[in-house]
Amino acid sequence: MIELSGISSSPGYAIGPAFIYRHDKLVISHEHIKNDEKDSEIKRLEACFSSLTREFDYYLKNAETDSEKALYTVELLMLQDVEYHKSIKKLISEKLYCAAWAVEEATNEIIKAISKIDDEYIKERIIDIRDIEYVILGSLSGKRAEHIVINDKRILVADYILTSELLSLEGLENVVGIVLDSGGKTSHVSILARSKGIASLVGLKNFSSLIEESDIVVIDGEGEKAIANPTEDVLSLYRTKIKERELRLKELGASSDLKNYTKDGKRVILDANIEWLEGVDDAVSSGCENIGLFRTEFIAIKEDLLNDRSKKDEVYLEAAKKMKGRGHIVFRTLDVGGDKKTGEMEAEDNPILGWRAVRYTLSHKEDFKAQMRAVLKASKYKNVRLMFPMISGIEELDECLGLLEEVKDELRRKRIKFDENMRVGTMIEVPSAAITADILAKKVDFFSIGTNDLIQYTIAVDRANAKTNYLYNPLHPAFLRLLKYVVDTAHDNNIEVGLCGQMGGEYKYLPLLIGLGLDEISMSSQSLPIIRRLLNSLSYSDCLTLLNEVLSMTSYIEIENRLKEFFNGRNIRY
Ligand code: PEP
Ligand code: MG
């Protein structure tokens, strides 16, 4: 039996055989070949190119979307490019580079040349060229990245997993749990796991290399550990825990008649975060008042809707229609980039600080406007709000609002109905936005604080990096002060302020969030019934006193201890 501790990133227990997925690192050997090996190395290269050409030709003929077609076309052009072949062969025959090294060198030369061309479209092809280089090198070394297919109920165990890999995984419904060696609980893979109700653990160090395919794995979300090859006793203990948890959740779900007030009458709106259209049903059955955050990028990446405008219209209309008569729905414009890269996006040295969210959409204005148009069309149901992610200052916000006005004018001209009073908000998730909250508040109807990012950027700690997870702490005094400043500033400017990061769904932080006076908290549908029950049992005046005490403390350890005391005094497990 092997037992390793990690961090629970999506609650619950799970038992199942492991499906292990490890990323092979492509190590390119920089070795010289012998003079008499030149011909065989060139033959090996030619065989690799012709089999890849046949393969990509097949993909192109069977491609379903325009973006797939464009990708395969570029890759085929590259595979058949005479100059490319020539320069690789020259490096092999004249400099005696091995084939992989020659491919790497020749590709770098092409990319260097392309980078100098002043044309955005051509520059954007660099990612496609890197992609085909990866395929060629993989093929030469016999290691090709596979498409993940899971056919029976499994626990997915991996060194790490990319959001795009998880989204394209075939048989996601068969994944009963996820255990990752790396990652953090607010990474987008974790968010995805929560939205699908898949128990998951991250930061398990080297778990994936300690176990074998099909070993039985137990995920203990409460104890934050994974166990491989458990004894019969351990297995039966966890089978009981799974049953008990199911019962407890059913009971909590059934208590959705409880109202969203503290016991001394302070109202806090409780909303749900969703990532898919189907998420609306889960949200409604959790008893949410509104959808406080629709992370539209998930569906866009999965269904290739980044550029497919008509389908986007359909999805947004359907979501707004489903919420009609229940509450509103906040569509957040695409937050791609960071740990949510699509195939079209270039690799960056610091993606978390890079070309993400509005930074990306503002450089793809027509697509950005198309998304706003789709949201505006859905606003005909009068329950739609729009929100911008990763705003870092007034200039960006003004640019987004300017584009929105352009789209509204266009719809008016075409006599297409939309809600003229649609409320528009911004996320506060970059410290510069939080610090200038007084300036931004004059421009929007509401704020939604994205704590996942605001913590990462305030403390300068990557939210998905297991090595530095110990620093990622919502109780850091700097972060709590920043939260207080944003909430107070929003209220001084008479706008609503909510919070939609993972912190809102974790009950141990709720007393502080109530004390802060947030108008709304939006969280995963799974967390909502538990948060509501706790909200009903706490009093605002106690929470306010607690918050004020905590704000005068100097370290998160002191704050954490005070919170534990607060819960112990009420017989609630911290
Ligand atoms: C956040 O940053 O808290 C947030 C809600 O946005 P996301 O998790 O999608 O980055
Ligand atoms: Mg965010």
Side-chain angles (χ1 to χ4, degrees), residues 5 7-9 11 185-186 194 221-224 245 248-249 251-252 255 258-271 287 449 451-452 454-455 458-459 461 469-488 490-491 497-524 526-574:
S5 296
I7 295 167
S8 164
S9 58
K185 71 172 148 189
T186 59
R194 281 197 293 280
E222 205 119 321
E224 302 198 278
R245 184 169 190 274
R248 214 167 56 231
L249 288 179
E251 265 174 43
L252 285 167
S255 65
L258 293 171
K259 299 282 183 278
N260 296 337
Y261 290 94
T262 59
K263 66 179 184 192
D264 55 350
K266 166 87 177 155
R267 167 123 169 82
V268 184
I269 299 168
L270 297 185
D271 289 350
I449 306 174
T451 55
N452 300 337
L454 193 55
I455 296 169
T458 303
I459 309 179
V461 52
N469 250 322
Y470 67 97
L471 279 174
Y472 189 96
N473 194 329
L475 299 180
H476 191 301
F479 182 67
L480 293 179
R481 287 180 196 189
L482 202 54
L483 271 187
K484 168 124 178 72
Y485 174 71
V486 174
V487 176
D488 291 350
H491 288 157
V497 54
L499 180 152
C500 61
Q502 163 69 6
M503 186 182 186
E506 289 191 40
Y507 71 87
K508 63 182 179 181
Y509 303 122
L510 186 65
L512 298 180
L513 302 187
I514 297 172
L516 280 166
L518 282 160
D519 301 302
E520 177 245 19
I521 305 175
S522 194
M523 65 203 83
S524 74
Q526 284 190 61
S527 308
L528 207 142
I530 298 165
I531 293 289
R532 181 172 36 230
R533 173 144 301 187
L534 185 60
L535 174 72
N536 297 150
S537 74
L538 296 172
S539 89
Y540 172 59
S541 67
D542 289 352
C543 294
L544 191 58
T545 311
L546 175 77
L547 178 79
N548 286 331
E549 259 179 68
V550 153
L551 283 173
S552 68
M553 294 179 175
T554 54
S555 98
Y556 67 74
I557 301 172
E558 205 184 343
I559 298 173
E560 182 127 33
N561 287 338
R562 179 64 191 99
L563 267 185
K564 279 185 189 149
E565 208 179 277
F566 181 89
F567 278 100
N568 285 343
R570 284 162 181 76
N571 282 328
I572 306 171
R573 200 159 62 85
Y574 178 73

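For reference, positions follow the sequence shown, starting with 1.
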Answer whether the closest heavy-atom distance between the side chains of Val268 and Asn260 falls below 4.5 Å.
no
Going by side-chain contact (heavy atoms from CB on, under 4.5 Å), Tyr540 matches just one of Lys266, Arg267, Lys263. Which one?
Lys266
Rounded distance [0.5 Å steps], CG in Asn469 versus CD1 in Ile7:
3.5 Å
Is any side-chain heavy atom of Asp264 closer than 4.5 Å to a side-chain heavy atom of Ser541?
yes
Without swapping roles, check the side chain of Asp519 against the backbone of Val497 for a donor-acceptor pair under 3.5 Å.
yes
Could you tell me which non-hydrogen atom of Ala478 sits nearest to which non-hydrogen atom of Thr458, and how far apart they are?
CB-CG2, 4.5 Å
At their closest point, which heavy atom of Ser8 faces which heavy atom of Gly221, and how far apart are they?
CB-O, 3.3 Å
Does Glu224 reach the side chain of Ser5, with side-chain heavy atoms less than 4.5 Å apart?
no
Just so I know, are the side chains of Leu475 and Val550 near enough to count as touching, which here means a heavy-atom distance under 4.5 Å?
no
Ring geometry between Tyr556 and His476 (parallel below 30°, tilted from 30 to 60°, perpendicular above 60°)
tilted
In short, salt bridge (charged side-chain N to carboxylate O under 4.0 Å, His left out) pairs touching residues 537-547 with sequence neighbours left out are Asp542-Arg570
If we ignore hydrogens and angles and just use 3.5 Å, is the side chain of Asn452 paired with the main-chain N or O of Gln502 as donor and acceptor?
yes
Sorted by first residue and then second, give each salt bridge (charged side-chain N to carboxylate O under 4.0 Å, His left out) pair with at least one member in residues 544-561; sequence neighbours left out.
Glu549-Arg562
Side chain to side chain contact (heavy atoms under 4.5 Å, CB included), that's the test. Do Tyr472 and Ile459 meet it? Break it down for me.
CA-CA 7 Å; Tyr472 189 96; Ile459 309 179; over 6 Å; no
Quick one: CD on Glu520 to CG on Leu513, what's the gap to the nearest 0.5 Å?
11.5 Å
Can you find a pair of side-chain heavy atoms, one from Leu510 and one from Ile521, that are under 4.5 Å apart?
yes
With a 4.5 Å heavy-atom cut-off, do Met503 and Leu483 have their side chains touching?
yes
Between Leu538 and Phe566, is there a side-chain heavy-atom distance shorter than 4.5 Å?
yes
Leu512 and Leu563: CA distance, side-chain angles, deciding distance, side chain to side chain contact (heavy atoms under 4.5 Å, CB included) verdict:
CA-CA 9 Å; Leu512 298 180; Leu563 267 185; 4.1 Å; yes
Between Asn536 (side chain only) and Tyr261 (backbone N and O only), is there a donor and an acceptor less than 3.5 Å apart?
yes
Would you say Pro11 and Glu222 make side-chain contact, with heavy atoms under 4.5 Å?
no
Taking all non-hydrogen atoms of both residues, which atom of Leu546 and which atom of Pro511 are closest, and how far apart?
CD2-CB, 3.6 Å
